[in-house]
Number of protein chains: 2
Amino acid sequence: MSRSSEPTRERIVQAANALFYSEGIRRVSVDEVAAKAGLTKRTLYYHFKSKDDLVAAYLAARDQPNLALFRKWFSETEGGVPGKVEAIFKNLARSARHPKWKGCGFLRTSAELANMPGHPAIRIGAAHKKKFEDWLRATFAEQGVKDPLKLARQILLLLDGSFAVVLLHRDASYMETAGEAARTLIETVLRKPRHRRG
Amino acid sequence: MSRSSEPTRERIVQAANALFYSEGIRRVSVDEVAAKAGLTKRTLYYHFKSKDDLVAAYLAARDQPNLALFRKWFSETEGGVPGKVEAIFKNLARSARHPKWKGCGFLRTSAELANMPGHPAIRIGAAHKKKFEDWLRATFAEQGVKDPLKLARQILLLLDGSFAVVLLHRDASYMETAGEAARTLIETVLRKPRHRRG
DNA sequence: GTATGTATACTAACCAGTGAATATACACAA
DNA sequence: TTGTGTATATTCACTGGTTAGTATACATAC
């Protein structure tokens with residue numbers, strides 16, 4: 001691990017991020033990534049042992065910032081948990097309306113690599129989603145929700161569903177619809193702590 | 001449109017269906033499809049003007065059977081609408097546990113072609129989902145649901161979300177979780193026909 | 001003998017990965 | 001201070017294979 005090579009590696013990952021996310025990993029060649037990073041393919045292969053390795057690095061670089069953004073949207077919203085979760089969807093809708101938006105990089109990669117179930121990139125994507133699921137689960141548990149894991153998974157289904165649907169229809173309003181559904185599911189559980197039929 | 005060429009074209013679409021769905025459309029070459037169909041690439045290009053054209057035909061062929069299956073699962077289930085919709089998710093979970101299952105062909109194609117928004121195949125996928133959404137909307141409308149379109153979209157978000165999540169985690173139980181969420185959303189709307197806060 | 005349909009053989013481009021050489025930096029000995 | 005070795009970092013040029021699409025010719029039917 002030399003000190004000076006870190007920026008180079010970082011630049012390659014940035015270039016890979018821009019190209020893989022916007023064009024798809026099978027559509028983009030290693031040469032294109034190298035060109036975008038301003039160096040030769042051979043140099044790229046000095047820092048990454050294969051294209052698959054580069055793809056994994058591309059997704060690994062998206063993990064942290066992505067989660068941080070969700071937590072920020074949640075925490076900066078006033079009010080209770082239902083509204084805070086709904087705010088995540090509202091913010092997502094806003095970002096999905098940007099012309100360069102192309103859905104969720106993790107989900108798109110898992111769709112592209114559906115024939116390679118154990119691929120490192122898919123594992124990184126799965127771990128990413130699990131982290132978010134677990135954060136939601138903990139949040140709901142603090143609210144005294146009876147089955148916080150189930151509720152967390154339902155919210156994630158709506159979240160990932162909205163990525164898929166909005167990418168297909170190019171209609172970001174589905175994200176707001178998903179947010180309303182999330183609010184309904186959370187409120188339903190919060191309102192019946194003991195007895196049935198509120 | 002000659003009479004005798006129909007079976008050939010059909011055989012090509014079948015081969016494309018098997019390969020594109022299982023391996024992904026960018027991974028599979030036209031030569032492979034032709035070989036699987038038992039003919040040469042040149043013959044394939046006699047029936048389809050380009051690979052994009054073939055991809056569109058592959059998805060068009062999935063449209064009808066797919067919708068028919070959903071309607072069958074719905075209609076063969078006893079009880080009310082919430083249980084009938086939940087049954088769709090249960091049946092989907094069962095099919096998702098088969099080893100050859102690779103998610104939703106329409107969504108995976110839209111993920112692979114995310115950089116080509118107007119692609120014919122994406123339009124076919126969008127139309128397919130809209131048909132299902134509209135069928136659900138009509139079904140909910142018959143039940144006197146106040147905003148049947150919104151509810152139909154929420155169910156579709158759960159449906160497509162479960163495709164994406166199960167493909168990523170390879171855990172079909174998410175589909176049953178989605179089914180429960182769908183039931184909750186439908187029952188919530190059916191139970192409050194007039195006033196707020198039950 | 002003309003429409004339809006199929007096959008052989010080809011083009012031109014692309015693509016993941018590598019061999020061999022080179023440049024740079026820095027440690028340490030003279 | 002200068003010379004030398006070594007690990008790091010980068011480039012050029014290449015290979016072997018793949019790919020979408022085509023030019024041309026041949027077959028078959030009616």
Side-chain angles (χ1 to χ4, degrees), chain A residues 1-59 109 112-116 118-122, chain B residues 1-59 109 112-116 118-122:
Chain A
M1 321 294 180
S2 86
R3 218 56 53 208
S4 67
S5 78
E6 296 299 323
T8 299
R9 195 190 147 97
E10 194 57 31
R11 227 171 59 246
I12 296 171
V13 173
Q14 296 292 331
N17 181 38
L19 289 172
F20 287 153
Y21 177 73
S22 115
E23 308 274 334
I25 60 179
R26 280 199 166 124
R27 172 63 196 271
V28 172
S29 69
V30 176
D31 292 83
E32 287 176 276
V33 176
K36 179 121 188 170
L39 35 80
T40 332
K41 177 165 61 172
R42 198 63 186 81
T43 302
L44 190 153
Y45 273 100
Y46 177 82
H47 293 276
F48 300 91
K49 73 176 207 296
S50 66
K51 183 178 181 179
D52 285 339
D53 191 27
L54 179 60
V55 172
Y58 143 63
L59 286 186
T109 301
E112 257 190 286
L113 304 183
N115 62 327
M116 315 178 74
H119 193 287
I122 293 180
Chain B
M1 319 295 179
S2 85
R3 217 57 54 208
S4 68
S5 78
E6 296 298 323
T8 300
R9 194 191 148 97
E10 194 57 31
R11 229 172 58 245
I12 296 171
V13 173
Q14 295 293 328
N17 181 39
L19 289 171
F20 286 153
Y21 177 73
S22 114
E23 309 274 334
I25 60 177
R26 280 202 165 121
R27 171 64 194 271
V28 171
S29 69
V30 177
D31 291 83
E32 287 176 275
V33 176
K36 178 122 187 169
L39 34 81
T40 51
K41 177 166 58 173
R42 197 59 188 86
T43 302
L44 190 152
Y45 272 100
Y46 177 80
H47 293 276
F48 299 91
K49 73 175 207 296
S50 66
K51 183 178 182 179
D52 285 340
D53 191 25
L54 180 59
V55 172
Y58 141 64
L59 286 185
T109 300
E112 259 190 283
L113 304 183
N115 61 328
M116 313 177 74
H119 194 287
I122 293 179

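Quick note on labels: first sequence line is chain A, next is B, and so on, each numbered from 1.
- Within the nucleic acid shown, B:Thr40 comes within 4.0 Å of at least one base atom, counting heavy atoms only.
- Pair check for C:dA3 finds none; no Watson-Crick or G-U wobble contact set falls under 3.5 Å.
- Atoms CZ and CG, from B:Arg9 and B:Leu44 in turn, are 10.0 Å apart once rounded to the nearest 0.5 Å.
- Atom CG in B:Leu39 sits about 18 Å away from atom P in D:dA27, given to the nearest Å.
- Rounding to whole angstrom units, CG of residue B:Leu54 and C1' of D:dG21 are separated by 13 Å.
- Base pairing of D:dC12 is made with C:dG19, judged by Watson-Crick or G-U wobble geometry with both donor-acceptor distances under 3.5 Å.
- Contact annotation: B:Ser50 does not reach the phosphate of D:dA20 (side-chain N/O to OP1 or OP2, under 4.0 Å).
- Side-chain proximity of A:Tyr46 to C:dT18, C:dC15, D:dT8: nearest is D:dT8.
- The CE atom of A:Met116 lies 10.0 Å from the CD atom of B:Glu23; values are rounded to the nearest 0.5 Å.
- An OP1 or OP2 oxygen of D:dT19 is reached within less than 4.0 angstrom by a side-chain nitrogen or oxygen of B:Ser29.
- Within 3.5 Å, no donor on the side chain of B:Lys51 pairs with an acceptor on the base of D:dG21, nor the reverse.
- In this structure, A:Glu10 CD and A:His47 NE2 are separated by 12.0 Å, a value rounded to the nearest 0.5 Å.
- Between A:Thr43 and the phosphate of D:dT11, there is a side-chain N or O to OP1/OP2 separation shorter than 4.0 Å.
- Between the P atom of D:dT8 and the CZ atom of A:Arg9 lies a distance of 15 Å, rounded to the nearest Å.
- Here the straight-line distance linking atom CD1 of B:Ile25 with atom CG of B:Leu19 works out to 12.5 Å at 0.5 Å rounding.
- In this structure, B:Asp52 places its CG atom 14 Å from C1' of D:dT19, rounding to the nearest Å.
- Rounded to an integer number of Å, the gap from OH of A:Tyr45 to C1' of D:dT15 is 14 Å.
- Taking every side-chain heavy atom of A:His47 into account, D:dT10 is the closest of D:dT10, D:dT22, D:dT19.
- Look at NZ on B:Lys41: it is 12 Å from C1' on C:dA12, rounded to the nearest Å.
- One distance of note links CG of A:Leu54 with CZ of A:Phe20; it measures 4.5 Å at 0.5 Å rounding.
- Take the nearest nucleotide of DNA chain C for A:Asp31 and for A:Arg42: the residue whose nucleotide is more 5' is A:Asp31.
- Distance, A:Arg26 CZ to C:dC14 P: 20 Å, rounded to whole Å.
- If you measure from atom CG of A:Leu44 to atom C1' of C:dT18, you get 14 Å, rounded to the nearest angstrom.
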